[in-house]
Chemist: 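Can you read through this structure? Questions will come right after.
In what follows, chains carry the letters A, B, and so on, assigned in the order in which the sequence lines appear, proteins first and then strands, with residues in each chain numbered from 1.
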Number of protein chains: 2
Amino acid sequence: MIRMTQAEDLARLAGLLADRTRATFCVALLDGRAWTANELAAEAGVAASTASEHLTKLLAGGLVVERRQGRHRYVQLADPRIGQLLEDLTSHAGPPKAIGLKQVTRNKALAQARTCYDHLAGRLGVAITDGLTERGFLSQDFAFTPNGLHWLETLGADPDRLRGTRRPLAKACLDWTERRSHLGGAAGAFLCTHFQDQGWIKRVGTSRAVRVTEPGHRALNDLLGIA
Amino acid sequence: MIRMTQAEDLARLAGLLADRTRATFCVALLDGRAWTANELAAEAGVAASTASEHLTKLLAGGLVVERRQGRHRYVQLADPRIGQLLEDLTSHAGPPKAIGLKQVTRNKALAQARTCYDHLAGRLGVAITDGLTERGFLSQDFAFTPNGLHWLETLGADPDRLRGTRRPLAKACLDWTERRSHLGGAAGAFLCTHFQDQGWIKRVGTSRAVRVTEPGHRALNDLLGIA
DNA sequence: AGAACAGTTCGGCCGCGGCCGAAGTGTCGC
DNA sequence: GCGACACTTCGGCCGCGGCCGAACTGTTCT
């Protein structure tokens, strides 16, 4: 019976998500960030030891990948396709009633513009990345050009200080609503906080979605040609 | 914490599939058929009482719908989208290695032409249905016209005998690779066996996929204008 | 009416798996 | 070096849930 194993595989995969704590981990990881084990433990409200065991299972199941770095264990979703699958599942998982407009528009808002850890993702994130590339500020391999560094300075950034940390100045971060890379790294984080400080974008409620304000639309158009 | 409930919903949905027996049920139901409780119990190798409990859970979870008929409880997937979701899951659930070409072509073969219980589904199934409709053999509401009955007789069928059973002669059966209905019922089953007897189609290995032979191509073109 | 059959409910058994705290390993910073 | 910290391993507790057989309801067939 070959089909038996198919059912078993399905059960095993589903079993990984069938636990409150592991599901909480996965939902958290949907933001695309790499989380540490302790952060996830706190998010789900369980002991570190418990979280460690769950992460080992998720890893063995291939849902997440890890990156050991010093005494930290960073974990993130293994593959954009896993993120897609999780989002499909959660969209079916909602309460049977009220499948309606709210969820859809909420998802649309997230796809439109959201934060990914500390920088901008979604359609807005890739639009910014495209704008930077078109203007010759960012090279194809996600490195800032001299012109790009100057542009950052005009916004009030100090490239040397941004580069002082371990963190790379610019980094490609994969986005699965767009299936393309957007700008992460120290520069991505700077732009996100700067845009917020200027009142160009506003967080929607407590979610990860953000909204571009009226002045924001004008500024982004002037700066990067984003309509 | 609103996001908590989201994780809980995900865990609840996954929990439905996280059991060997329920997963076996769902994989079986992927053929689109409505199964009785006993059939499913036999398929999974559990007692009828156990199957009954599982079906109640799947029903409550909205994964399946039931149709009570006499002393039978027919169960089938609630929605083509559920079938889609299950297929997505099983494609991720396979062994980590060998994700390659084989699976893809296998799925393509299934989408192309397959059996759905005892009749034909997939692209071939809907092509046959279209051919019957275009030639005026089948009405829009899936009933055979006088011409259609005569056509069945020319193939060697006995419409009166086919109608003798409880089973409807023609029945619409929803197909989720095509997202349209194809011909089920006694006539659908007759055509499937007849095509096989004539050597027009051949089962691929032990799977549900079928392949149209060379003579089959010619015959189907002559009979129903299927290229 | 009686027998056969499909499905359901209930009680009880059993094992799996999630949880924690305590103790242990490796890393970083002073 | 020492303490602080991130994480892991282990032992033990506990409850949930899957499983069955037995008894029951309701339908169909003769």
Chemist: Can you tell me how far P of D:dG18 sits from CG of B:L17, to the nearest Å?
Modeler: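 Between P of D:dG18 and CG of B:L17: 12 Å.
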Chemist: Under the 3.5 angstrom rule, does the side chain of B:T36 hit a backbone N or O of B:H72 as a donor-acceptor pair?
Modeler: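 Not confirmed, B:T36 side chain does not pair with B:H72 backbone.
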Chemist: What integer distance in Å separates B:L58:CG from D:dG18:P?
Modeler: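 One finds 10 Å between P of D:dG18 and CG of B:L58, rounded.
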Chemist: Could you check how far CD of A:E53 sits from P of C:dG21, rounded to whole Å?
Modeler: 13 Å
Chemist: Answer with yes or no whether A:R73 presents, from its side chain, a donor or acceptor under 3.5 Å of a partner atom in the base of D:dC7.
Modeler: no
Chemist: Would you name the heavy atoms of A:E87 and A:T90 that are closest together and state the gap between them?
Modeler: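 Minimum heavy-atom separation between A:E87 and A:T90: O-OG1, 2.9 Å.
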Chemist: I need the CG-P distance between B:L55 and C:dT9, as an integer number of Å.
Modeler: 12 Å
Chemist: Is a donor-acceptor contact shorter than 3.5 angstrom present between the side chain of B:R71 and the base of C:dC5?
Modeler: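 Yes, the side chain and the base share a sub-3.5 Å donor-acceptor pair.
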Chemist: So, OP1 or OP2 of D:dC5: does either fall under 4.0 Å of a side-chain N or O from A:H72?
Modeler: no
Chemist: In whole angstrom, give the distance that lies between atom CH2 of B:W35 and atom P of C:dA6.
Modeler: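 That distance rounds to 16 Å.
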Chemist: Indicate the atoms forming the closest heavy-atom contact of A:V65 with A:L77, along with that distance.
Modeler: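 Nearest pair, atom of A:V65 first, then A:L77: CG2-O, 4.1 Å.
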Chemist: Please determine whether a side-chain nitrogen or oxygen atom of A:T50 lies at a distance below 4.0 Å from atom OP1 or OP2 of C:dC20.
Modeler: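 Yes, because at least one side-chain N or O of A:T50 sits under 4.0 Å from OP1 or OP2 of C:dC20.
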Chemist: Touch check for A:T56, heavy atoms < 4.0 angstrom, all strands: base, sugar-phosphate only, or nothing?
Modeler: nothing
Chemist: Check if the side chain of A:S49 and the base of C:dG21 share a donor-acceptor pair of N or O atoms closer than 3.5 Å.
Modeler: yes
Chemist: Starting at the 5' end of DNA chain C, which residue's closest nucleotide do you reach first, A:K57 or B:A37?
Modeler: B:A37
Chemist: Please say which of B:D19, B:V75, B:L63 ends up in a side chain to side chain contact (heavy atoms under 4.5 Å, CB included) with B:L58.
Modeler: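 When B:D19, B:V75, B:L63 are each tested with B:L58, the side chain to side chain contact (heavy atoms under 4.5 Å, CB included) holds only for B:L63.
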Chemist: Calculate the interatomic distance between B:R20 atom CZ and C:dG17 atom P; express it in whole Å.
Modeler: 13 Å
Chemist: Choose from D:dC19, C:dG18, C:dT8 the nucleotide whose nearest atom is closest to any side-chain atom of B:H54.
Modeler: D:dC19
Chemist: Quick check on D:dC5: is either OP1 or OP2 less than 4.0 Å from any side-chain nitrogen or oxygen of A:N38?
Modeler: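 Answer is no, no contact under 4.0 Å.
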Chemist: Rounded to whole Å, please give me the gap between OH in B:Y74 and C1' in D:dT27.
Modeler: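 Roughly 13 Å, once rounded to whole Å.
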Chemist: Report the distance from atom CZ of A:F25 to atom P of C:dG18, rounded to the nearest whole Å.
Modeler: 11 Å
Chemist: Can a side chain N or O of A:T21 be found less than 4.0 Å away from OP1 or OP2 on C:dC19?
Modeler: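 For C:dC19, OP1 or OP2 has a side-chain N or O of A:T21 closer than 4.0 Å.
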Chemist: At less than 4.0 Å, is any side-chain N or O atom of A:R68 found next to OP1 or OP2 of C:dG26? Yes or no.
Modeler: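 For C:dG26, OP1/OP2 do not have a side-chain N/O of A:R68 under 4.0 Å.
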Chemist: Any idea which heavy atoms bring A:L132 and A:W151 closest together, and the distance?
Modeler: CD2-CZ3, 3.5 Å
Chemist: What's A:A48 touching, base or sugar-phosphate or nothing? Going by heavy atoms closer than 4.0 Å.
Modeler: base
